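Structure, as structure tokens:
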Number of protein chains: 2
Amino acid sequence: MAQKDTVKSILNAAEELFSERGFAETSLRNITTKAGVNLAAVNYHFGSKKALIQAVFARFLTPFCDDLEHELDAVQAQLEGRVPALPGLLMLLSQTALRAGHDSPRRLGIFMRLLGLAYTQGQGHLRRFLQKEYGPVFKTFMRLVTAATPELSDEDRFWRIHFMLGATVFTLSGADSLTAMAEHDLGKGSDIAQVVDKLIPFLASGLNAPHQAD
Amino acid sequence: MAQKDTVKSILNAAEELFSERGFAETSLRNITTKAGVNLAAVNYHFGSKKALIQAVFARFLTPFCDDLEHELDAVQAQLEGRVPALPGLLMLLSQTALRAGHDSPRRLGIFMRLLGLAYTQGQGHLRRFLQKEYGPVFKTFMRLVTAATPELSDEDRFWRIHFMLGATVFTLSGADSLTAMAEHDLGKGSDIAQVVDKLIPFLASGLNAPHQAD
DNA sequence: TCTCGTTTTAAACGTATGTTTGAAACAGTT
DNA sequence: AACTGTTTCAAACATACGTTTAAAACGAGA
């Protein structure tokens with residue numbers, strides 16, 4: 001059982017430290033110290049730092065995407081040709097995501113921060129890895145969203161989907177500091193599930209906005 | 001004139017490299033090589049790498065914020081107590097931003113990517129610098145947005161502002177690769193000004209969404 | 001032309017990083 | 001109890017980084 005514990009400790013420490021400081025700013029010594037294991041353990045169990053980064057993503061993303069794929073299949077079966085409703089699709093996605101951070105809801109924020117880093121930080125190997133590994137499920141989801149928004153032009157839909165993605169990743173990845181700000185400014189904090197609840201009407205309304213500004 | 005050229009070359013190279021790879025992944029040797037100057041020039045002219053990072057932000061942000069401040073003053077004078085219109089405020093912000101990348105519109109994308117990095121990447125010194133230096137103009141803008149959306153609760157407005165910020169930063173910072181994707185998927189690319197045009201109705205509609213999802 | 005403050009240069013410094021190594025500790029099997 | 005494959009460990013390795021240094025090159029004013 002020693003191996004399992006070491007591997008898991010490393011993944012836990014890496015996940016947290018990466019999300020706090022980024023990939024390049026987090027050294028293997030930081031990680032192994034926090035995990036309470038020897039420095040060489042990372043290269044022994046994962047092979048390299050790059051492979052460790054990918055493993056951190058895979059541990060979260062693989063169960064999430066499997067779960068999502070299953071849910072999407074169920075939706076498609078239930079529809080039998082009818083068009084899906086957009087808010088339902090968004091809620092299904094968010095609920096699946098919240099479920100994926102099964103330990104604590106905080107983990108979703110941590111992972112969103114990682115996802116943001118994956119796109120902003122260099123790490124070309126990571127983008128390629130994520131694309132190859134988890135691209136298909138995303139395509140399926142996109143197909144359903146397309147069916148749910150038949151009145152949108154392909155162009156508007158394309159851009160608005162990315163506007164939604166940006167709002168989500170940015171907000172949830174900064175959820176910790178943002179709820180702290182909210183608590184300070186408004187005297188009212190929120191947990192991440194409440195933020196998601198606030199996000200959904202915003203996204204749904206933005207996606208269905210009229211083509212031109214009023 | 002030698003100093004001016006060296007300083008400007010360094011800033012140009014740093015701006016581009018930082019936006020491509022992030023701060024920690026870009027070495028001073030990368031920067032000075034690309035700029036065609038000696039390695040020591042950065043420490044001579046800027047003092048440290050941290051100071052160079054701040055200088056890159058200041059070169060873009062100082063003219064932009066001065067311009068924005070001026071524009072906001074004009075709006076407030078013209079209003080004389082009446083409530084401002086939200087789409088107008090958003091367009092004013094985006095037009096000012098587009099104007100700030102006066103050399104090429106591509107520069108706005110580069111800078112948005114830097115702004116995203118500033119928030120995701122560790123760099124506590126940067127957040128503090130930006131807050132101290134450019135916080136007040138942001139507060140002024142926020143006051144006008146608050147006046148333009150009297151029907152929103154403080155809580156909803158707070159969160160939706162950050163949803164908007166996220167959609168904007170994320171999309172514009174990835175504008176290069178996103179327009180490439182759009183070209184590939186739809187056979188129709190866009191420049192950054194067109195993306196901004198598409199963004200505004202999305203944001204305005206999201207901000208004014210009903211409180212609960214339908 | 002000489003001078004003095006500024007700028008550039010090549011080289012070195014100290015430190016931190018990812019990775020490798022070879023021996024020690026361990027756990028399960030015969 | 002002895003053997004075997006796996007895992008841990010302390011130490012070292014090579015490399016890359018930001019920064020410093022001291023000398024050289026430069027440019028404008030006397």
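What you see is a predicted model, and the numbers here were worked out from it, not measured in a lab. Note on naming: letters A, B, ... go to the chains in the order of the sequence lines (proteins, then strands), and numbering restarts at 1 for each one. No hydrogens, no waters, no symmetry mates; every other heavy atom, side chains included, goes into these values.
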Distance in angstrom units between A/L17 CG and C/dT17 P, rounded: 12 Å
Spacing between A/K49 atom NZ and C/dT19 atom P, to the nearest angstrom: 8 Å
Any B/S48 side-chain nitrogen or oxygen under 4.0 Å from OP1 or OP2 of D/dG18: no
Over all atoms of both residues, closest heavy-atom pair of A/F163 and B/A167: O-CB, 3.3 Å
Rounded interatomic separation in angstrom, taking CG from B/N43 and C1' from D/dT21: 12 Å
Side chain to side chain, A/L52 and A/L11, heavy atoms closer than 4.5 Å: yes
Sugar-phosphate only, base, or nothing, as touched by B/T32 at under 4.0 Å among non-hydrogen atoms: nothing
DNA chain D: 5'-proximal contact among A/A41 and B/L28 (nearest heavy atom): A/A41
Rounded distance in Å - CG (A/L39) to C1' (D/dA10): 10 Å
Heavy-atom side-chain proximity of B/Q76 to B/P84 below 4.5 angstrom: no
Residue A/H45, side-chain atoms from C-beta onward, closest of D/dT8, C/dA10, C/dA12: D/dT8
Atom pair distance, as rounded to whole Å: CZ in A/F46 and P in C/dT19: 13 Å
Nearest-0.5 Å distance, CD1 of residue A/I10 to CG of residue A/D5: 11.0 Å
A/N38 or A/R29, whichever maps to the more 5' nucleotide of DNA chain D: A/N38
Integer-rounded Å distance: D/dT19 P and B/I31 CD1: 11 Å
Closest-nucleotide ordering on DNA chain C, the 5'-leading residue of A/Y44 and B/G36: B/G36
Selection from D/dG18, C/dG18, C/dT19 that lies nearest to any side-chain heavy atom of B/S27: D/dG18
Separation of atom NZ in B/K50 from atom P in D/dT19, rounded to whole Å: 9 Å
From CA spacing to verdict: salt bridge (charged side-chain N to carboxylate O under 4.0 Å, His left out), A/R107, A/E16: CA-CA 9 Å; A/R107 228 188 127 211; A/E16 192 138 347; over 6 Å; no
